[in-house]
Q: 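I'd like to ask some things about the structure below.
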Amino acid sequence: MKLFSKKHQRATRQVENLPRHVAIILDGNGRWAKRRALPRSAGHKAGAENFRNIATYCKELGIEYLTVYAFSTENWKRPKDEVSTIMQLLEKYLHESIETMARENIRLRFLGDTSVLSPELRALIEKTNAISEGIDGFQANICLNYGGRDEIVRAARAYAEDVQNGAENTLTEETFSRYLYSDGIPDPELMIRTSGEQRLSNFLLWQCAYAEFYFTDVLWPDFDRKESDRALEVYSRRDRRFGGVK
Ligand code: IPE
Ligand code: IPE
Ligand code: MG
């Protein structure tokens, strides 16, 4: 079913309440491959390619932040060869991004415990971070070895340590959020999950307190510009009350 005409697609570009920050649980790479009788690795490859397309689209639309769940703290449970395929794809993506991000005015930031990743990947992340410092455009956040609970526990530990070292003990939501990986990034207004699953899977637990959720059966590699428009259109019609009355 075709929901949006060309005219409507153009109109979406001018949507007044476009979210500043969109978060995506990009799910369904494996099923996308399975449906085509391809190995799961082909799904991850298509998924990585799609991330590039959707990041470009978000930037074109004027969205300021895109945060994607690339690898969770639980994804280590997957077969070794699948984990290494995902890590290799990340390496390839970062190699290519290092060439293009300054030209395209795209900042990359990594959320998660990257200290356990391979030395090659860590070096690429450092290089990417250094380039990002000189860019103030659209920001893509890649959650890598990220878990929402892990993030909160780490923040609590870091805060306790600071207090032990003499910092003032005046914890507020605002001061606590500075200890999270997402320090300095506004909360996402819109959280999208592809592939039909309707759960958070440990993603941005703190940050999604008031996010609008959008679930679609579309598998991540098929989530194109048209599907993004659809999600943004639904979001634009949501009535956000934040506990108040309108
Ligand atoms: C999401 O796709 C990508 C990662 C979790 C890295 P999946 O690999 O979870 O795909 P499905 O859910 O098995 O189809
Ligand atoms: C969530 O997807 C993690 C990422 C997208 C990186 P999963 O496919 O790992 O989540 P579950 O297992 O279905 O909850
Ligand atoms: Mg999955």
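This chain uses plain numbering: 1 for the first residue, then up along the sequence. All ligand and atom numbering here is 1-based and tracks the order in the structure. When reading the values below, keep in mind they use all heavy atoms of this one structure, side chains included, and skip hydrogens, waters and symmetry mates.
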Q: Give a yes-or-no answer on whether the side chains of Thr100 and Ser97 include a donor-acceptor pair shorter than 3.5 Å.
A: no
Q: Among all protein heavy atoms, pick the one closest to atom 10 (O) of ligand 1 and tell me residue, atom and distance.
A: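 Checking every protein heavy atom, the shortest distance to atom 10 (O) of ligand 1 gives Gly30 N, 2.9 Å.
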Q: Sequence neighbours excluded, which residues qualify as ring pair (Phe, Tyr, Trp, His ring centres under 6.0 Å) partners of Phe203?
A: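 Here the qualifying residues are Tyr69, Tyr146.
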Q: Closer than 4.0 Å to some heavy atom of Asn75 - which atoms of ligand 1 meet that?
A: 5 (C)
Q: Short question: side chain of Asn75, backbone of Asn145 - any donor-acceptor pair under 3.5 Å?
A: no
Q: Just distances here: any N/O of Asn29 and N/O of ligand 1 closer than 3.5 Å?
A: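 Yes, Asn29 has an N/O under 3.5 Å of an N/O on ligand 1.
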Q: Would atom 12 (O) of ligand 2 count as contacted, meaning some protein heavy atom under 4.0 Å?
A: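 For atom 12 (O) of ligand 2 the answer is no, since every protein heavy atom stays at 4.0 Å or beyond.
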Q: Determine, for Lys92 against Glu96, whether the closest basic-nitrogen to carboxylate-oxygen distance falls under 4.0 angstrom.
A: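 Salt bridge present between Lys92 and Glu96.
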Q: For ligand 2, which atoms have a heavy atom of Phe71 less than 4.0 angstrom away?
A: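 So the atoms of ligand 2 that pass are 6 (C).
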Q: Would you confirm whether the ring centroid of Tyr65 sits within less than 6.0 angstrom of the ring centroid of Phe138?
A: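 Judged by ring-centre distance (under 6.0 Å), Phe138 and Tyr65 do not meet the cut-off.
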Q: At under 4.0 Å between heavy atoms, is it the side chain or the backbone of Ala70 that contacts ligand 1, or both, or neither?
A: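 It is the backbone that touches ligand 1; the side chain stays farther off.
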Q: Can you tell me if Gly28 has a non-hydrogen atom under 4.0 Å from ligand 1?
A: yes
Q: The Mg ion (ligand 3) to Asp27: any N/O/S contact under 2.8 Å?
A: yes
Q: State the atoms of ligand 1, each with its element, that fall below the 4.0 Å cut-off from a heavy-atom position in Ile86.
A: 6 (C)
Q: So, is Ser201 polar-close to ligand 2, with some N/O to N/O distance under 3.5 Å?
A: yes
Q: For the hydrophobic clusters of this structure (ILVMFWY residues joined by side-chain heavy atoms under 4.5 Å, transitively), does one cluster hold both Val116 and Leu94?
A: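 Yes, Val116 and Leu94 fall within the same hydrophobic cluster.
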Q: Which ligand 1 atoms, with their elements, are less than 4.0 angstrom from a heavy-atom of Arg78?
A: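 Under 4.0 Å from Arg78, ligand 1 has these atoms: 5 (C), 7 (P), 8 (O), 9 (O).
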Q: Quick check on contacts: which atoms of ligand 1 are under 4.0 angstrom from a heavy atom of His44?
A: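 Near His44, meaning under 4.0 Å from one of its heavy atoms, ligand 1 has 3 (C), 8 (O).
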Q: Less than 4.0 angstrom from a charged side-chain N to a carboxylate O is my criterion; do Arg238 and Glu233 meet it?
A: no
Q: Shortest non-hydrogen contact from Arg20 to Ile63?
A: O-CG2, 3.6 Å
Q: I'd like the name of whichever of Arg193, Glu74, Arg31 reaches closest to atom 2 (O) of ligand 2 through any heavy atom.
A: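 Considering heavy atoms of Arg193, Glu74, Arg31, the nearest to atom 2 (O) of ligand 2 sits in Arg193.
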Q: Would you please determine whether Arg199 falls within less than 4.0 Å of ligand 2 on a heavy-atom basis?
A: yes
Q: Got a sec, which hydrophobics cluster with Leu38, joining ILVMFWY side chains under 4.5 Å apart, including via others?
A: Trp32, Leu219
Q: Of the backbone atoms (N, CA, C, O) and the side-chain heavy atoms from C-beta on, which set of Phe203 has a member under 4.0 Å from an atom of ligand 2: side chain, backbone, both, or neither?
A: neither
Q: Under 4.0 Å from ligand 1, counting heavy atoms only, is it the side chain of Glu197, its backbone, both or neither?
A: neither
Q: May I ask you to say whether Glu227 pairs ionically with Arg230, meaning some side-chain N is under 4.0 Å from a carboxylate O?
A: yes
Q: So does Arg107 pair up with Glu133, basic N to acidic O under 4.0 Å?
A: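 Here Arg107 does not pair with Glu133 in a salt bridge, since their nearest N and O are not under 4.0 Å apart.
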Q: What protein heavy atom is closest to atom 1 (C) of ligand 1, reported as residue, atom name and distance in Å?
A: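 That would be Leu26 O, 3.1 Å.
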